> 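The structure under discussion is supplied below as structure tokens; questions concerning it will follow.
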Amino acid sequence: MHIPESLQDLADSEAVQFLKRPKTIARIFAGVFSLIVFSSLLTDGYQNKTENPQLRCVLNSNNEACSFAVGAGFLAFLSCLVFLVLDAHDNHIASSRFKTAFQLLDFILAVLWAIIWFVGFCFLANQWQHSPPKQFLLGSSSAKVAIAFTFFSILVWIFQAYLAFQDLQNDAPVPYKRSLDEGSVVLTTLSPPSAFSPVSTPTTGPNNLSYASSALSPYLTTPKAPRLAMMPGN
């Protein structure tokens, strides 16, 4: 099957290659799951009873459960958007220290979000289990959807933590490489010249004094011949 050149160029573009990365796909799924969690409870998670017009959370009438799910979902959605933008500019980061710090922050936040969603899943499932049956006419389906996608969010954030840990291992800097290179340069600079290396001798004229000849050791100078003293005859 022949692919047109325009479609081939589109497939090879940076945007498509960025969207095909596993980290990008995981962030998109995490953002969508977070959006479903907080939007489902924000729209149908608060209902009123027939005898009371006050709105209550469908999860055992515990407003803290709905507030926790809505707040965590909204913050996780914003976190995914921010890291997607940072990932798009990852190739333009020249500083290796900043890149390592960004990868470390990505790993820490992924682990924290996995723990938060795990705690949230246990909390929401417990509140739904203790909810009286048919207490509210509406909202039960929204609660089930929120609990299900809270569980899916745990898996996605664990996968993101795994990808971030792999990036840290692959791009880990060698702490002693630079110091060893600098040490070799210093040793090369301070090493004495070899016996076969040419030594430049200063040119001397008849009216000029040579510093090198004056700095030579007295033991290396040519010894003077002994003088003969003439003894007077008797």
Side-chain angles (χ1 to χ4, degrees), residues 1-43 68-122 124 141-142 144-182:
M1 181 178 179
H2 178 68
I3 300 177
E5 186 178 357
S6 60
L7 294 180
Q8 185 66 34
D9 294 340
L10 179 62
D12 295 337
S13 62
E14 294 183 0
V16 176
Q17 295 298 325
F18 172 72
L19 293 176
K20 290 169 62 177
R21 292 171 56 185
K23 184 183 290 187
T24 305
I25 297 174
R27 293 198 196 282
I28 292 175
F29 272 99
V32 172
F33 292 167
S34 302
L35 181 64
I36 292 175
V37 169
F38 84 83
S39 62
S40 60
L41 290 180
L42 192 62
T43 54
F68 174 83
V70 171
F74 181 71
L75 292 178
F77 178 72
L78 290 181
S79 177
C80 292
L81 289 181
V82 171
F83 274 91
L84 276 175
V85 174
L86 293 176
D87 288 339
H89 296 82
D90 189 19
N91 296 329
H92 303 286
I93 299 176
S95 177
S96 60
R97 292 184 179 180
F98 181 78
K99 193 172 183 179
T100 304
F102 168 69
Q103 292 172 352
L104 182 61
L105 179 64
D106 185 16
F107 173 73
I108 293 174
L109 287 181
V111 172
L112 287 178
W113 275 117
I115 295 174
I116 289 172
W117 284 121
F118 176 76
V119 174
F121 170 74
C122 296
L124 297 180
S141 59
S142 299
K144 293 178 182 178
V145 168
I147 294 173
F149 279 93
T150 300
F151 176 75
F152 296 151
S153 297
I154 301 172
L155 304 179
V156 173
W157 284 103
I158 290 177
F159 182 64
Q160 288 193 66
Y162 170 72
L163 293 177
F165 182 72
Q166 276 191 334
D167 290 341
L168 278 174
Q169 283 187 328
N170 295 333
D171 298 338
V174 181
Y176 302 105
K177 183 178 180 181
R178 184 177 179 183
S179 61
L180 288 176
D181 293 340
E182 293 177 354

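Because the structure is predicted, anything quoted here is derived from the model rather than measured.
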> With a 4.5 Å limit on heavy-atom distance, are the side chains of Phe102 and Phe83 in contact?
yes
> Check the pair Ile158 / Ile154 against side-chain contact (heavy atoms from CB on, under 4.5 Å), numbers first and verdict last.
CA-CA 6 Å; Ile158 290 177; Ile154 301 172; 3.9 Å; yes
> Quick one: CZ on Phe29 to CD1 on Ile25, what's the gap to the nearest 0.5 Å?
7.5 Å
> With sequence neighbours left out, what residues match Tyr162 under ring-ring contact (aromatic ring centres under 6.0 Å, His included)?
none
> If you apply the rule side-chain contact (heavy atoms from CB on, under 4.5 Å), what do you find for Ser153 with Phe121, and how did you get there?
CA-CA 9 Å; Ser153 297; Phe121 170 74; over 6 Å; no
> With sequence neighbours excluded, tell me which residues meet side-chain contact (heavy atoms from CB on, under 4.5 Å) with Ala30.
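Result, side-chain contact (heavy atoms from CB on, under 4.5 Å) vs Ala30: Cys80, Val156, Trp157, Gln160.
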> Quick one: closest heavy-atom pair of Thr43 and Ser40, and the distance?
OG1-O, 3.2 Å
> To check you understand the geometry: which heavy-atom pair defines the closest contact between Val37 and Ala146, and what is its length?
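So the minimum-distance heavy-atom pair works out to CG2-O, 3.8 Å.
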> For the atom pair CZ (Arg27) and CG (Asp87), what is the distance rounded to the nearest 0.5 Å?
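Reported to 0.5 Å precision, the distance equals 4.0 Å.
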> Please name the pair of heavy atoms, one in Phe159 and one in Ala26, separated by the smallest distance, quoted to 0.1 Å.
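Taking every non-hydrogen atom into account, CD2-CB, 3.8 Å.
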> Below 30° counts as parallel, above 60° as perpendicular, anything between as tilted: where do the rings of Phe107 and Phe165 land?
tilted
> Can Leu168 and Asp106 be said to form a side-chain contact (heavy atoms from CB on, under 4.5 Å), step by step?
CA-CA 10 Å; Leu168 278 174; Asp106 185 16; over 6 Å; no
> Could you note down all residue pairs passing side chain to side chain donor-acceptor pair (under 3.5 Å) where residues 73-85 supplies at least one of them, sequence neighbours left out?
none
> To the nearest 0.5 angstrom, please state how far the CD1 atom of Ile28 sits from the CZ atom of Arg21.
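If we round to the nearest 0.5 Å, Ile28:CD1 and Arg21:CZ are 11.0 Å apart.
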> Rounded to the nearest 0.5 Å, what's the gap from CG on Leu155 to CZ on Phe152? Could you check?
8.0 Å
> To the nearest 0.5 Å, tell me how far Thr100 OG1 sits from Asp167 CG.
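Atom-to-atom, Thr100:OG1 and Asp167:CG are 10.5 Å apart.
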> CZ of Phe68 to CG of Leu124: how many Å apart, nearest 0.5 Å?
7.0 Å
